[in-house]
Amino acid sequence: MTNLTDLTLAEARDGLASKSFSAVELTQAHQGAIAQAKGLNAFIRETPDQALAMAVAADERIARGEARPLEGLPVGVKDLFCTEGVESTACSTILKGFTPRYESTVTGNLWNAGAVMLGKINCDEFAMGSSNETSAFGPVVSPWRRAGDDTKLVPGGSSGGSAAAVSARLCLAATATDTGGSIRQPAAFTGTVGIKPTYGRCSRWGIVAFASSLDQAGPITKTVRDAAMMLRAMSGHDPKDSTCADMPVPDFEAAVGRGVKGLRIGIPKEYRVEGMSPEIERLWEAGQAWLREAGAEIVEVSLPHTKYALPAYYIVAPAEASSNLARYDGVRYGLRVEGRDVTEMYERTRAAGFGREVKRRIMIGAYVLSAGYYDAYYLRAQKIRTLIKRDFEEVYAAGVDAILTPATPSAAFGIGEKGSADPVEMYLNDIFTVTVNMAGLPGIAVPGGFDAQGLPLGLQLIGRPFDEETLFAAGQVIEDAAGRVAPPPVWWAA
Ligand code: GLN
């Protein structure tokens with residue numbers, strides 16, 4: 001029998017249905033893999049008793065013929081999601097010791113679909129970062145390494161732990177969130193699939209807020225089909241989040257094999273950024289060729305305001321963050337550092353509880369929202385946001401069904417290699433992904449090949465609002481053509 005941890009989510013579902021193995025065996029196999037992979041620092045909190053109880057219950061349901069869509073399938077949860085009775089910290093010191101008395105809607109949906117929770121997964125602090133180096137639990141190490149080189153690489157961020165865990169076969173799938181690229185960039189860095197659905201497809205209730213008008217939950221998985229299975233279970237209307245769309249959730253898996261015949265795929269000329277590496281250029285061309293061979297029409301399109309997206313994002317996101325993070329004051333959650341009076345207690349708590357990058361965002365956010373600067377920065381960024389959205393609307397109105405771009409400007413880099421002298425160096429990672437959040441559109445990252453050093457590279461498909469189905473259909477065409485990514489050799493086993 002093949003290794004249970006090598007199965008895809010869909011294969012594991014089928015194996016459980018045919019009673020080739022049990023949910024308990026499947027769960028224990030993944031727990032064994034997690035125990036061996038402490039060096040990757042992907043899981044920060046395991047929930048072994050809960051996992052086993054859920055797996056036992058799943059086996060009983062399967063035996064009764066009452067399996068739900070994800071019955072008995074073990075998954076990991078990014079620490080940004082609140083989980084009832086299980087410490088949830090957003091990987092920040094300020095939330096250490098915070099144990100929610102409620103479950104986020106998205107994780108609740110997963111458990112209602114039968115999934116098994118293995119534990120909580122590392123991420124950048126409050127999801128602010130592109131390398132998982134800002135976590136209060138320390139960086140996640142990517143299971144991938146450059147050929148002939150032991151340098152420890154980042155898995156991307158902020159959902160770096162989710163991407164590393166799926167890629168290293170520690171869980172069948174993981175939840176993630178994406179405010180400016182945090183699902184798609186780590187997926188691209190680790191040879192996994194990640195989809196950020198349309199804003200409003202998943203409820204944000206119970207997910208620690210970063211920038212509320214941009215945040216969306218989504219899955220990181222081994223395959224496009226698995227992403228469709230996960231997203232279907234995670235999605236759905238929730239009255240507890242007024243921005244969550246009251247729309248039916250399609251059977252995303254049914255779209256996976258649909259193909260791209262007759263679809264028009266746009267290639268935005270503004271994404272051919274200066275200094276783009278020939279490897280990324282080749283990857284993008286290969287993606288176009290695969291879709292064309294599968295029957296799509298490739299057309300050049302223009303998204304003229306793309307160049308303003310990154311600076312505008314790094315105004316809007318910190319502005320919302322500074323407001324969202326005001327609630328961490330030492331009174332209501334987690335950490336408290338006492339002071340002479342309440343003001344000093346606030347100051348000491350926030351000084352000790354937030355990391356460098358989070359403090360930088362709070363200061364930038366407070367600055368761009370302050371009287372006198374509001375019009376010059378925040379208001380202008382909002383106007384740019386509208387123009388970016390309009391760019392996409394015009395392209396789709398002209399009959400384009402989806403847009404193909406690279407997911408990232410490079411492959412994964414080494415831990416400590418980027419951003420320490422100049423944070424903008426790190427922010428540039430998000431150049432191809434932030435536009436999608438600014439416009440509220442769905443975007444998927446699918447592995448498309450490897451660089452010269454053997455590291456995975458990802459392609460991104462951007463869809464019309466609430467048309468994730470086209471992304472699954474086109475994503476599958478790319479997966480079929482590029483070939484499914486084999487797992488990296490296991491060098492980390494303890
Ligand atoms: N890297 C981006 C940032 O640091 C996006 C993070 C995210 O999507 N959560 O803001």
Side-chain angles (χ1 to χ4, degrees), residues 8-11 183-184 187-188 191-198 218-232 250-269 271-272 276 278-303 392 395-408 432-433 436 441-451 456-486:
T8 66
L9 196 70
E11 288 164 353
I183 292 176
R184 292 158 288 154
T192 53
V193 175
I195 181 163
K196 180 201 90 74
T198 313
I220 291 184
T221 57
K222 297 175 184 174
T223 67
V224 171
R225 177 178 296 278
D226 290 1
M229 286 172 63
M230 279 290 281
L231 186 63
R232 187 179 191 197
D251 177 1
F252 293 130
E253 211 186 336
V256 166
R258 208 163 71 178
V260 292
K261 216 170 245 116
L263 293 189
R264 299 182 83 193
I265 307 287
I267 308 298
K269 58 171 189 258
Y271 280 59
R272 215 161 270 127
M276 189 151 100
E279 282 174 331
I280 298 290
E281 191 79 62
R282 269 199 301 279
L283 165 86
W284 198 6
E285 275 162 20
Q288 296 171 43
W290 294 327
L291 292 170
R292 193 182 298 116
E293 278 155 30
E297 184 192 348
I298 305 293
V299 294
E300 187 176 89
V301 299
S302 175
L303 299 166
F392 281 104
V395 165
Y396 291 133
V400 166
D401 298 288
I403 293 166
L404 179 76
T405 77
T408 61
F432 298 139
T433 47
V436 179
L441 300 172
I444 192 170
V446 181
F450 298 87
D451 76 352
L457 296 171
L459 284 163
Q460 171 177 239
L461 287 154
I462 305 167
R464 297 168 183 264
F466 295 101
D467 185 18
E468 289 85 2
E469 288 164 286
T470 294
L471 301 186
F472 288 122
Q476 184 63 45
V477 167
I478 290 174
E479 183 177 294
D480 288 342
R484 217 186 259 176
V485 175

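The structure displayed is predicted, hence computed values, not measured ones. Side chains included, hydrogens not; waters and symmetry mates left out as well; all remaining heavy atoms used.
- Note that CD1 of I478 and CG of L291 are 4.5 Å apart. Values are rounded to the nearest 0.5 Å.
- Nearest heavy atoms, L231 versus P197: CD1-CG, 3.8 Å.
- The two residues Q460 and T433 have their closest heavy-atom pair at OE1-CG2, 3.8 Å.
- At distances below 3.5 Å, at least one donor-acceptor pair connects side-chain atoms of W284 with backbone N or O atoms of L404.
- Rounding to the nearest 0.5 Å gives a distance of 10.0 Å between CD of E468 and CG of L441.
- Here the CG atom belonging to L459 is positioned 4.0 Å from the CG atom belonging to L283, to the nearest 0.5 angstrom.
- Between the CZ atom in R292 and the CD1 atom in I265 there is a gap of 11.0 Å [rounded to 0.5 Å].
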Would you sort out whether Y396 and I462 count as a side chain to side chain contact (heavy atoms under 4.5 Å, CB included), showing the intermediate values?
CA-CA 11 Å; Y396 291 133; I462 305 167; 3.6 Å; yes
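- Scanning both residues, A445 and A407, for their nearest heavy atoms gives CB-CB, 4.3 Å.
- You'll find the side chain of T470 stays beyond 4.5 Å of the side chain of R464, heavy atoms only.
- In terms of heavy-atom proximity, V260 sits nearest to A294 at CG2-CB, 3.6 Å.
- The two residues I298 and Q288 have their closest heavy-atom pair at CD1-O, 3.7 Å.
- Partners of F392 according to the ring pair (Phe, Tyr, Trp, His ring centres under 6.0 Å) rule, which considers only residues two or more places apart in sequence or in another chain, do not exist here.
- P268 is listed as a side-chain neighbour of T405, based on a closest heavy-atom distance under 4.5 Å.
- The aromatic rings of Y271 and F432 lie parallel to each other, with less than 30° between the two planes, well short of the 60° mark.
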Worked check of side chain to side chain contact (heavy atoms under 4.5 Å, CB included) between D480 and W290
CA-CA 9 Å; D480 288 342; W290 294 327; over 6 Å; no
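- For the pair I267 and R272, the minimum side-chain heavy-atom distance is below 4.5 Å.
- Screening E11, Q476, E479, E253 against R225 for a side-chain hydrogen bond (donor to acceptor under 3.5 Å, both in side chains) leaves a single residue, E253.
- Separating the CG atom in D226 from the OG1 atom in T221 is a distance of 5.0 Å, to the nearest 0.5 Å.
- The CG atom of L461 sits 11.5 Å away from the CZ atom of R184 when rounded to the nearest 0.5 Å.
- When every heavy atom of P447 is checked against every heavy atom of V485, the shortest pair comes out as CB-CG2, 3.4 Å.
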